[in-house]
2 protein chains.
Amino acid sequence: MVTKGNAFDPNCPTRTILDRIGDKWTVLVVLSLRSGPLRFTELRDGIGRVAPKVLTQTLRRMERDGLITREVYPEIPPRVVYTLTPMGASLIEPISVITDWAETHVPAITKAQAAYDELA
Amino acid sequence: MVTKGNAFDPNCPTRTILDRIGDKWTVLVVLSLRSGPLRFTELRDGIGRVAPKVLTQTLRRMERDGLITREVYPEIPPRVVYTLTPMGASLIEPISVITDWAETHVPAITKAQAAYDELA
DNA sequence: CCTCGACGGTATCCATTGGTAACTGGCTAC
DNA sequence: GTAGCCAGTTACCAATGGATACCGTCGAGG
């Protein structure tokens with residue numbers, strides 16, 4: 001009845017992690033850092049319009065989860081560099097599978113939506 | 001700079017679909033329907049405590065996106081059966097990749113969180 | 001009778017969250 | 001002196017998520 005794990009138990013940590021991964025910004029941060037470390041503003045500019053507050057929240061969470069590291073260089077102006085940890089990098093593959101699926105099915109979904117709205 | 005697609009463009013449909021897939025309940029609905037059609041209450045009971053309103057919203061969205069079908073049997077008491085479409089079923093694989101990742105990394109993430117909170 | 005429960009939802013309300021806009025501090029360049 | 005850079009933070013507000021209660025219709029049970 002239940003999957004191999006127990007994602008159906010609300011108290012299961014898998015569920016929490018699933019939520020985390022499913023987060024819009026988390027996915028985009030991972031993809032952004034794919035090709036190397038970035039600074040805060042580089043992330044902000046690379047990801048189409050994120051509120052800095054939200055980006056900070058996302059990055060802190062990801063740091064806490066061990067997906068990225070945050071290195072602060074106490075210079076003026078300040079410099080903070082975010083880097084994927086090996087665990088964070090291991091997320092690229094699963095995320096790619098999802099984005100591939102999404103891109104493949106965009107036309108079908110758009111079409112389904114149009115059909116649905118048609119007879120509404 | 002950008003992935004194969006353009007998930008970084010906020011107006012890109014891929015982004016919308018990504019949000020959809022990332023949705024907590026959508027994932028659980030797909031997994032629930034994996035082994036066959038289910039009725040509303042079966043879904044509700046199978047997924048650890050969902051508010052009916054939220055489940056309805058989720059199901060309507062998924063129906064609109066062409067991931068599931070909704071069949072109403074005008075009986076008393078009413079019977080409504082939800083079934084994965086082929087497209088919906090094609091989501092099982094990608095989702096499994098993610099859940100596998102999540103389950104594999106639960107210990108590491110939990111450990112990372114503990115370490116982070118330790119020195120906070 | 002008449003009330004109770006099954007089913008597939010709505011309706012209402014509140015808490016949490018996502019997001020916007022403005023501001024901070026410290027230094028450097030104009 | 002004042003404008004700007006970076007990496008945020010601090011209000012503040014709108015939207016969303018979620019809990020709870022309720023609806024109509026019917027057959028079953030008392």
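Order of the sequence lines fixes the chain letters, A, B, ..., with proteins taken first and strands second; residue numbering starts at 1 for each chain.
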Treat primed atoms plus P, OP1 and OP2 as sugar-phosphate and everything else as base, then score nucleotides 18-30 of chain C 5' to 3': B for base contact with protein heavy atoms under 4.0 Å, S for sugar-phosphate contact only, - for none.
-BB------S---
Does any non-hydrogen side-chain atom of [Y] lie less than 4.5 Å from one of [X]?
{"X": "A/Asp117", "Y": "B/Arg64", "answer": "yes"}
{"X": "B/Leu43", "Y": "B/Leu33", "answer": "yes"}
{"X": "B/Glu42", "Y": "B/Arg39", "answer": "yes"}

Residues within residues 36-46 of chain B bordering DNA chain D, heavy-atom distance below 4.0 Å
none
Using the test side chain to side chain donor-acceptor pair (under 3.5 Å), find all partners of B/Ser90 that sit at least two apart in sequence or belong to another chain.
A/Trp101
Mind checking side chain to side chain donor-acceptor pair (under 3.5 Å) for B/Arg20 and listing every partner two or more places apart, or none if nothing turns up?
B/Asp65
Quick check on the helix from C/dC1-D/dG30 to C/dC30-D/dG1: what's the angle between its two end axes, five base pairs per end, to the nearest 10°?
30°
Between atom [atom1] in [X] and atom [atom2] in [N], what is the gap in whole Å?
{"X": "B/Tyr73", "N": "C/dA6", "atom1": "OH", "atom2": "C1'", "answer": "18 Å"}
{"X": "A/Asp19", "N": "D/dG18", "atom1": "CG", "atom2": "C1'", "answer": "14 Å"}
{"X": "A/Glu75", "N": "D/dA7", "atom1": "CD", "atom2": "P", "answer": "10 Å"}

Run through [options] and flag the one making a side-chain contact (heavy atoms from CB on, under 4.5 Å) with [X].
{"X": "A/Trp25", "options": "A/Leu59, A/Thr58, A/Val30", "answer": "A/Thr58"}
{"X": "A/Leu91", "options": "A/Leu31, A/Val27, A/Ile21", "answer": "A/Ile21"}
{"X": "A/Thr26", "options": "A/Val29, A/Leu28, A/Asp23", "answer": "A/Asp23"}

Strictly below 4.0 Å: does B/Arg60 bring a side-chain N or O up to OP1 or OP2 of C/dG9?
yes
Would you say A/Arg79 places a side-chain N or O within less than 4.0 Å of OP1 or OP2 belonging to D/dG8?
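For D/dG8, neither OP1 nor OP2 has a side-chain N or O of A/Arg79 closer than 4.0 Å.
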Test log, rule side chain to side chain contact (heavy atoms under 4.5 Å, CB included), inputs A/Tyr116 and A/Lys111:
CA-CA 9 Å; A/Tyr116 184 93; A/Lys111 193 160 143 288; over 6 Å; no
For residues 78-88 of chain A, dump all side-chain donor-acceptor pairs below 3.5 Å to protein atoms at least two apart in sequence or in another chain.
unit_1: A/Arg79; atom_1: NE; unit_2: A/Glu75; atom_2: OE1; d: 3.3
unit_1: A/Arg79; atom_1: NH2; unit_2: A/Glu75; atom_2: OE2; d: 3.1
unit_1: A/Tyr82; atom_1: OH; unit_2: A/Arg70; atom_2: NE; d: 3.2
unit_1: A/Thr85; atom_1: OG1; unit_2: A/Gly66; atom_2: O; d: 2.7
unit_1: A/Thr85; atom_1: OG1; unit_2: A/Leu67; atom_2: O; d: 3.0
unit_1: A/Thr85; atom_1: OG1; unit_2: A/Met87; atom_2: N; d: 3.4
unit_1: A/Thr85; atom_1: OG1; unit_2: A/Gly88; atom_2: N; d: 3.0

For B/Tyr82, answer base if it contacts any base atom (sugar-phosphate contacts may also be present), sugar-phosphate if it contacts only those atoms, and nothing otherwise; contact means non-hydrogen atoms under 4.0 Å.
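Contact class for B/Tyr82: sugar-phosphate only.
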Least distance between heavy atoms, B/Ala102 atom then A/Thr14 atom
CB-CG2, 3.9 Å
